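Have a look at the structure below before the remarks.
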Amino acid sequence: MRDIFYEIYCSLSQNKLRTALTGFAVSWGIFLLICLLGAGNGLMNSFMGNMSDYVSRSMHVESWQTSKPYAGYKEGRRIYLDEGDVDITAGPLFSDHVDVVAKQTEGTSVKLTYGRESVDGYLTGVTDTYRELEKVQMSAGRFISPLDMAQKRKVIIIGSGQAAELSRGNPESMLGKWIGAGNISLQVIGIYHTDESRMQRGVNIPYTTYKAIFNSDDKVDAISFSFHGLETLEDNKAFEDEYKAVLKARHDIAPDDEMGLWIWNRFTGNLEMSKAENIIRIALWILGLLTLVSGIVGVSNIMLIAVRERTHEFGIRKALGARPRDIMKLIIAESVTITAIFGYIGMFLGIVACEVMDKTIGARAVNIGFDEIRMLVNPSVGIDTAFLATLLLIVAGTVAGAIPARKATHVKPIEALRAE
Amino acid sequence: MALIELRDINKTYDNGQPLHVLKGIDLDIGRGEFVSIMGASGSGKSTLLNILGILDNYDTGTYHLDGKLIKNLSEVQAASYRNRMIGFIFQSFNLIGYKNAVENVELPLYYQGVGRRERHEKAMAFLEKLGIADWASHFPNEMSGGQKQRVAIARALITSPQIILADEPTGALDSVTSVEVMHLLKELNAQEGITIVVVTHESGVANETDKIIHIRDGVIGRIEENRQHNAWGGPIIK
């Protein structure tokens with residue numbers, strides 16, 4: 001073993017430039033692979049982080065302007081959902097599938113103030129069921145209760161980020177405090193957890209409180225509900241059509257009007273998303289492996305040249321009693337050593353690059369209107385992937401060395417000795 | 001039985017046009033002999049030496065080395081025979097450039113699987129014997145031609161082979177060093193009884209050996225007994 005390594009050391013240090021160039025090809029290949037996979041994972045984490053906030057089996061219903069004239073009405077009529085729609089959704093008609101129903105008011109931008117601190121907020125009135133549907137994670141306090149709803153209490157749920165800013169770093173101390181929201185005063189009863197992928201600005205007050213303060217009609221801006229028993233895209237489509245038909249009839253919307261009423265089905269959306277995710281993942285692996293292939297070809301190429309240059313030396317070795325196996329071992333060991341060492345360097349640099357991405361691109365949030373999203377969350381590759389890549393590289397190194405090695409071992413010693 | 005026994009060896013190279021290099025060589029070389037094979041370039045003497053050294057194969061005939069038939073050997077067998085039975089000395093030394101003297105000498109033992117320490121001690125002993133122990137850690141490009149050939153001789157001797165094959169051992173050396181190297185080979189033959197076959201085209205070198213085999217156009221011509229070393233009327237090295 002020691003002898004082999006000494007041989008490799010001599011041979012590699014003999015050809016420093018060649019070693020460096022080969023090494024670079026390998027390092028570069030694995031570096032790009034790790035970077036691609038890391039960035040891909042970051043992108044996925046960002047997607048998934050944004051998706052996992054919601055109950056995956058839920059639908060969100062909103063209304064908009066009609067695009068077709070119907071029942072004596074012109075097109076372009078603004079449709080408003082109302083309490084009747086909520087009752088129908090929760091009623092016996094759809095009880096086979098619908099579980100929890102929540103309603104939501106439109107949002108209002110407000111400035112939240114506490115003492116001398118202030119922070120932006122986007123205020124919506126929600127029902128107590130909203131928490132279950134939207135998977136709101138409370139980090140302190142409680143969510144809006146049925147009693148809050150019934151008594152139209154002036155209470156508010158804020159995000160942990162906002163709480164931290166208002167309290168200058170001690171979010172939990174905000175519980176029970178009265179803060180200003182626009183020109184009204186509300187008591188903080190709960191703080192929800194804002195995850196790292198989003199700078200969420202939403203704040204919630206009881207639905208009834210919102211209606212009492214802002215507009216006391218029975219218009220509902222959005223209805224969402226969870227459901228069960230709809231497993232396939234077809235099932236979902238059928239249910240959506242049935243549901244839409246009922247509501248469209250209530251509001252005199254043309255049955256084939258796609259604009260007046262629309263449904264966002266998170267479950268089918270997720271199905272699409274995970275399909276897209278898999279495609280992206282596979283594409284990244286393919287790209288990464290292709291870059292790696294160029295590294296491997298580089299090693300193979302260099303080993304071919306090296307073998308050619310060393311033919312005379314192999315001739316001497318054969319004359320002195322080296323078996324084909326010994327020559328083979330020498331070349332492959334050299335190839336594997338180069339790929340392993342430089343592959344490891346590339347892997348290390350790749351991981352460093354992922355960290356840098358995390359600190360730069362990953363730390364930057366992109367504003368998408370109602371929310372802020374980080375493009376990359378924790379871009380990194382698992383240690384298993386990194387080892388897999390390195391293992392792959394060592395196998396590749398063996399293959400890269402094996403082809404020239406076979407060539408070298410099949411040269412007759414006398415011909416090898418003649419080569420100069 | 002002779003150490004080397006060649007019967008009707010034929011060898012044809014086919015590089016586009018067939019070239020019949022060896023045309024039925026019959027030759028016996030006994031144990032402990034100090035023989036030279038002489039001939040002009042193209043006479044087939046190097047081909048003969050390569051066949052003796054199992055570096056090349058032959059087409060027809062038989063070659064027995066120490067009673068073993070050397071024919072259609074696998075590469076592994078050939079390597080093993082070369083390693084254990086034959087020591088090579090080349091005109092251009094054929095030392096490995098990135099290994100120092102002692103590492104070069106160790107190499108045949110490495111292929112026998114001898115341990116590092118033992119290998120090193122043995123190699124040092126042989127360098128000592130050839131008077132170049134001080135140069136053990138020097139690389140070939142730091143040594144003179146004579147020193148390099150001594151290293152090569154040490155390397156040839158280290159496995160205690162049955163036979164030493166020397167291909168123009170003095171071809172790259174000046175006359176003084178040539179004499180030294182030939183005397184060294186002579187001494188090894190006389191004191192250790194090692195069989196030595198030297199291929200040369202220099203009559204002075206051939207004259208140092210005990211038997212001169214003349215080869216011409218692929219056939220063996222005259223075989224001269226040369227115990228008195230006066231084949232050309234006395235020592236006439238260059």
Side-chain angles (χ1 to χ4, degrees), chain A residues 1-20 303 305-334 337-338 402 405-420, chain B residues 11 13 15 46-47 49-58 73-100 103-117 119-120 139-140 152 155-156 158-159 161 165 167:
Chain A
M1 239 9 216
R2 203 170 143 190
D3 291 313
I4 273 278
F5 281 119
Y6 183 68
E7 293 270 358
I8 292 166
Y9 168 75
C10 288
S11 158
L12 291 186
S13 53
Q14 191 72 7
N15 298 290
K16 291 197 184 67
L17 180 64
R18 191 169 76 196
T19 307
M303 292 312 291
I305 296 170
V307 162
R308 218 187 161 81
E309 271 179 16
R310 291 174 70 184
T311 304
H312 184 71
E313 179 199 327
F314 295 147
I316 299 172
R317 287 174 183 270
K318 280 187 169 179
L320 297 180
R323 290 158 298 178
R325 186 163 37 136
D326 296 316
I327 305 287
M328 193 104 170
K329 205 160 71 181
L330 201 62
I331 299 167
I332 290 181
E334 190 172 319
T337 306
I338 291 184
R406 271 183 63 82
K407 209 171 129 90
T409 51
H410 285 94
V411 178
K412 275 201 292 186
I414 185 63
E415 279 160 22
L417 274 173
R418 259 187 228 129
E420 207 45 81
Chain B
K11 172 79 182 172
Y13 285 118
N15 295 327
S46 287
T47 305
L49 191 82
N50 289 335
I51 289 171
L52 290 179
I54 327 179
L55 293 172
D56 205 349
N57 47 14
Y58 52 94
L73 296 180
S74 72
E75 285 208 56
V76 177
Q77 271 177 310
S80 165
Y81 284 158
R82 280 196 295 268
N83 181 259
R84 288 169 195 279
M85 294 164 82
I86 302 165
F88 289 97
I89 300 170
F90 301 95
Q91 175 176 2
S92 50
F93 322 120
N94 279 344
L95 300 176
I96 292 175
Y98 60 83
K99 288 179 177 291
N100 64 27
E103 286 164 359
N104 264 291
V105 175
E106 280 178 33
L107 206 51
L109 291 182
Y110 168 68
Y111 288 120
Q112 282 187 5
V114 176
R116 289 169 61 79
R117 185 184 297 266
R119 232 158 57 201
H120 188 77
F139 289 90
R155 185 178 66 182
I158 197 161
T159 56
L165 299 177
D167 188 4

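Naming: A, B, ... by sequence-line order, numbering from 1 per chain. Here the structure is a predicted model, which is why all the values come from computation and not from measurement.
When all heavy atoms are compared, the tightest approach of A:Ala322 to B:Ala79 is O-CB, 3.6 Å.
In this structure, CD1 on B:Ile96 lies 7.0 Å from CG on A:Leu320, to the nearest 0.5 angstrom.
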Write out all chain A-chain B donor-acceptor pairs shorter than 3.5 Å, or none if the list is empty.
unit_1, atom_1, unit_2, atom_2, d
A:Asp3, OD1, B:Arg116, NH1, 3.2
A:Asp3, OD1, B:Arg119, NH2, 2.9
A:Asp3, OD2, B:Arg119, NH1, 3.4
A:Tyr6, OH, B:Glu103, OE2, 2.6
A:Glu7, OE1, B:Lys99, NZ, 3.4
A:Glu7, OE2, B:Lys99, NZ, 2.9
A:Arg310, NH2, B:Tyr98, OH, 3.1
A:His312, NE2, B:Asn94, OD1, 2.8
A:Glu313, OE1, B:Tyr98, OH, 3.4
A:Glu313, OE2, B:Tyr98, OH, 2.8
A:Arg317, NH1, B:Tyr111, OH, 2.8
A:Arg317, NH2, B:Tyr98, OH, 3.2
A:Lys318, O, B:Arg82, NE, 2.8
A:Lys318, O, B:Arg82, NH2, 3.3
A:Leu320, O, B:Asn83, ND2, 2.7
A:Lys412, NZ, B:Asp56, OD1, 3.4

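Contact annotation for B:Leu95: only backbone heavy atoms (N, CA, C, O) come within less than 4.5 Å of a heavy atom of chain A.
Here B:Phe88 pairs with B:Phe90 under the ring-ring contact (aromatic ring centres under 6.0 Å, His included) rule; sequence neighbours left out. Applying the side chain to side chain contact (heavy atoms under 4.5 Å, CB included) rule to A:Ile338 yields the partners A:Leu12, A:Thr22, A:Phe342; only residues at least two apart in sequence or on another chain are considered.
Applying the salt bridge (Lys or Arg N to Asp or Glu O under 4.0 Å) test to every pair with at least one member in residues 87-96 of chain B, sequence neighbours left out, gives no pairs at all.
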